[in-house]
A.B. asks: 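Have a look at the structure that comes next, please.
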Amino acid sequence: MAAPLPADSLAQLFTEARTHRAWTDRPVSDETLRALYDLTKWGPTAANCCPLRLVFVRSPAEKAKLTELVSRGNRASVSTSPVTALLGIDLEFYEHFDLLAPGSNAKSWYDTTNERAISDAALQSGSLQGGYFILAARALGLDCGPMGGFDAAGINAAFFAGTPYRINFICNLGYADASQVRPRQPRFSFEQAAKIV
């Protein structure tokens, strides 16, 4: 890990990567989705709590159900993408420390009666895993369309019922129609957004 990645790899992950909204009909295989999770799981989380929970929505019936639960402006992208990933968080992540952090007594670090603190902890680590998810997808040659703009309660009821999981964000996955990409928007310069002290 001492050598920087080559420029073409950095371009694929960052400088040339885009948020996509239009898709080709090329499918995404089960093997690719498994490989995507197997890369994502190595991202860091607090005390290795790993709260990310995924549902890959691909079947026409489930896609139709999901499409009704996203904002009107997101419906075409969701309905035409090969897969839409629901990135949820487990609000009972602390129940898995015997497996994920054996011998650490990590559960005692969390006040499990404080719902806000538990939700904040799950959201922070789950969002960190979500960032790794996007990078892992790009590393595997997938294009991504992460988005908000959905009925969270509806998604929780439709896809996470009977679990302690709650939606964080959704991300379309597939192989983009590059002819439909929007112009890249500006970013802040280092001087505008960072400092070295």
Side-chain angles (χ1 to χ4, degrees), residues 1 4-46 48-60 62-63 65-67 69-71 73-90 93 100 122-150 152 155 159-160 165-185 187:
M1 293 193 191
L5 291 174
D8 59 344
S9 296
L10 295 175
Q12 181 171 326
L13 294 174
F14 297 102
T15 59
E16 296 302 318
R18 306 295 298 279
T19 295
H20 290 278
R21 299 182 58 80
W23 307 94
T24 67
D25 58 4
R26 180 180 169 190
V28 177
S29 70
D30 288 0
E31 293 76 18
T32 299
L33 296 177
R34 288 180 175 276
L36 172 53
Y37 174 74
D38 283 337
L39 287 176
T40 300
K41 70 183 180 184
W42 298 114
T45 56
N48 200 38
C49 65
C50 301
L52 177 68
R53 300 294 181 268
L54 292 164
V55 175
F56 292 107
V57 182
R58 185 169 55 193
S59 73
E62 297 301 304
K63 271 297 195 109
K65 183 167 44 173
L66 177 60
T67 299
L69 296 170
V70 301
S71 63
N74 289 335
R75 288 181 182 168
S77 183
V78 168
S79 66
T80 59
S81 66
V83 177
T84 303
L86 309 180
L87 288 90
I89 53 173
D90 182 356
F93 64 86
L100 299 173
L123 184 61
Q124 183 180 56
S125 284
S127 296
L128 184 59
Q129 288 185 285
Y132 272 84
F133 175 90
I134 293 168
L135 290 175
R138 290 172 174 177
L140 293 170
L142 292 169
D143 293 305
C144 300
M147 63 177 69
F150 50 79
I155 289 178
F159 294 96
F160 295 131
Y165 310 157
R166 298 296 176 263
I167 191 65
N168 185 359
F169 67 96
I170 68 177
C171 185
N172 291 321
L173 297 169
Y175 303 95
D177 177 355
S179 70
Q180 301 296 313
V181 71
R182 297 174 176 178
R184 184 181 284 285
Q185 298 297 310
R187 300 294 196 271

A.B. asks: Whether the side chain of Asn168 engages the backbone of Ile89 through a donor-acceptor N/O pair (distance < 3.5 Å, no angle test) should be reported.
C.D. replies: no
A.B. asks: Could you list the residues that satisfy salt bridge (charged side-chain N to carboxylate O under 4.0 Å, His left out) with Asp25, not counting sequence neighbours?
C.D. replies: none
A.B. asks: Does any part of the side chain of Pro51, heavy atoms only, come nearer than 4.5 Å to the side chain of Tyr165, both counted from C-beta?
C.D. replies: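 Of all side-chain heavy-atom pairs linking Pro51 with Tyr165, none is under 4.5 Å.
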A.B. asks: To the nearest 0.5 Å, how far apart are CG in Leu173 and OG1 in Thr32?
C.D. replies: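 So the CG of Leu173 and the OG1 of Thr32 are separated by 10.5 Å.
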A.B. asks: Any salt bridge linking Glu31 with Arg34? Criterion: basic side-chain nitrogen under 4.0 Å from a carboxylate oxygen.
C.D. replies: no
A.B. asks: Can you measure from CG (Leu52) to CZ (Phe93) and round to the nearest 0.5 angstrom?
C.D. replies: 13.5 Å
A.B. asks: Taking the side chain as C-beta and beyond, is there a heavy-atom pair between Thr19 and Pro146 under 4.5 Å?
C.D. replies: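 Sidechains of Pro146 and Thr19: in contact.
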A.B. asks: Going from CG on Leu66 to CZ on Arg58, what distance comes out if it is rounded to the nearest 0.5 angstrom?
C.D. replies: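 With rounding to 0.5 Å, CG (Leu66) is 14.5 Å from CZ (Arg58).
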A.B. asks: At what distance, to the nearest 0.5 angstrom, does OH of Tyr37 lie from CD of Gln129?
C.D. replies: 7.5 Å
A.B. asks: Can you give me the closest heavy-atom contact between Thr40 and Ala136, atom names plus distance?
C.D. replies: OG1-CB, 3.7 Å
A.B. asks: Rounded to the nearest 0.5 Å, what's the gap from CZ on Phe169 to CG on Leu86? Could you check?
C.D. replies: 11.0 Å
A.B. asks: Taking the side chain as every heavy atom from C-beta outward, state whether Asn74 and Phe150 have any atom pair closer than 4.5 Å.
C.D. replies: no
A.B. asks: Would Asp143 and Arg26 pass as an ion pair if we require N to O under 4.0 Å?
C.D. replies: no
A.B. asks: I want to check something: taking the side chain as every heavy atom from C-beta on, are Leu5 and Leu13 in contact at a cut-off of under 4.5 Å?
C.D. replies: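 Leu5 reaches Leu13 side chain to side chain.
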A.B. asks: Might you point out which heavy atoms bring Trp23 and Ser77 nearest each other, and give the distance in Å?
C.D. replies: NE1-OG, 3.3 Å
A.B. asks: Report yes if the side chains of Asp30 and Phe56 come closer than 4.5 Å at any heavy-atom pair, otherwise no.
C.D. replies: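 With C-beta onward as the side chain, the pair stays apart.
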A.B. asks: Nearest 0.5 Å, please: how far is CZ in Phe159 from CD in Glu62?
C.D. replies: 5.0 Å
A.B. asks: For Cys171 and Leu87, work out which heavy atoms get closest and say how close.
C.D. replies: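 Nearest heavy atoms, Cys171 then Leu87: CB-CD1, 3.9 Å.
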A.B. asks: With a 4.5 Å heavy-atom cut-off, do Leu36 and Val28 have their side chains touching?
C.D. replies: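 Of all side-chain heavy-atom pairs linking Val28 with Leu36, none is under 4.5 Å.
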A.B. asks: Give the table of side-chain donor-acceptor pairs shorter than 3.5 Å for residues 78-85, with sequence neighbours excluded, one pair per line with atom names and distance.
C.D. replies:
{"unit_1": "Ser79", "atom_1": "OG", "unit_2": "Arg75", "atom_2": "O", "d": "3.0"}
{"unit_1": "Ser79", "atom_1": "OG", "unit_2": "Ala76", "atom_2": "O", "d": "3.1"}
{"unit_1": "Thr80", "atom_1": "OG1", "unit_2": "Ala76", "atom_2": "O", "d": "2.8"}
{"unit_1": "Ser81", "atom_1": "OG", "unit_2": "Lys63", "atom_2": "NZ", "d": "2.8"}
{"unit_1": "Ser81", "atom_1": "OG", "unit_2": "Val78", "atom_2": "O", "d": "3.2"}
{"unit_1": "Ser81", "atom_1": "OG", "unit_2": "Val83", "atom_2": "O", "d": "3.3"}
{"unit_1": "Ser81", "atom_1": "OG", "unit_2": "Thr84", "atom_2": "OG1", "d": "3.1"}
{"unit_1": "Ser81", "atom_1": "OG", "unit_2": "Asn172", "atom_2": "OD1", "d": "3.1"}
{"unit_1": "Thr84", "atom_1": "OG1", "unit_2": "Lys63", "atom_2": "NZ", "d": "3.3"}
{"unit_1": "Thr84", "atom_1": "OG1", "unit_2": "Asn172", "atom_2": "OD1", "d": "2.6"}

A.B. asks: A side-chain contact here means heavy atoms from C-beta on lying under 4.5 Å apart; do Thr45 and Gln124 qualify?
C.D. replies: no
A.B. asks: Pairs in or reaching into residues 175-184: which pass side chain to side chain donor-acceptor pair (under 3.5 Å), with residues at least two apart or in two chains?
C.D. replies: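 Qualifying pairs, neighbours excluded: Asp177-Ser179.
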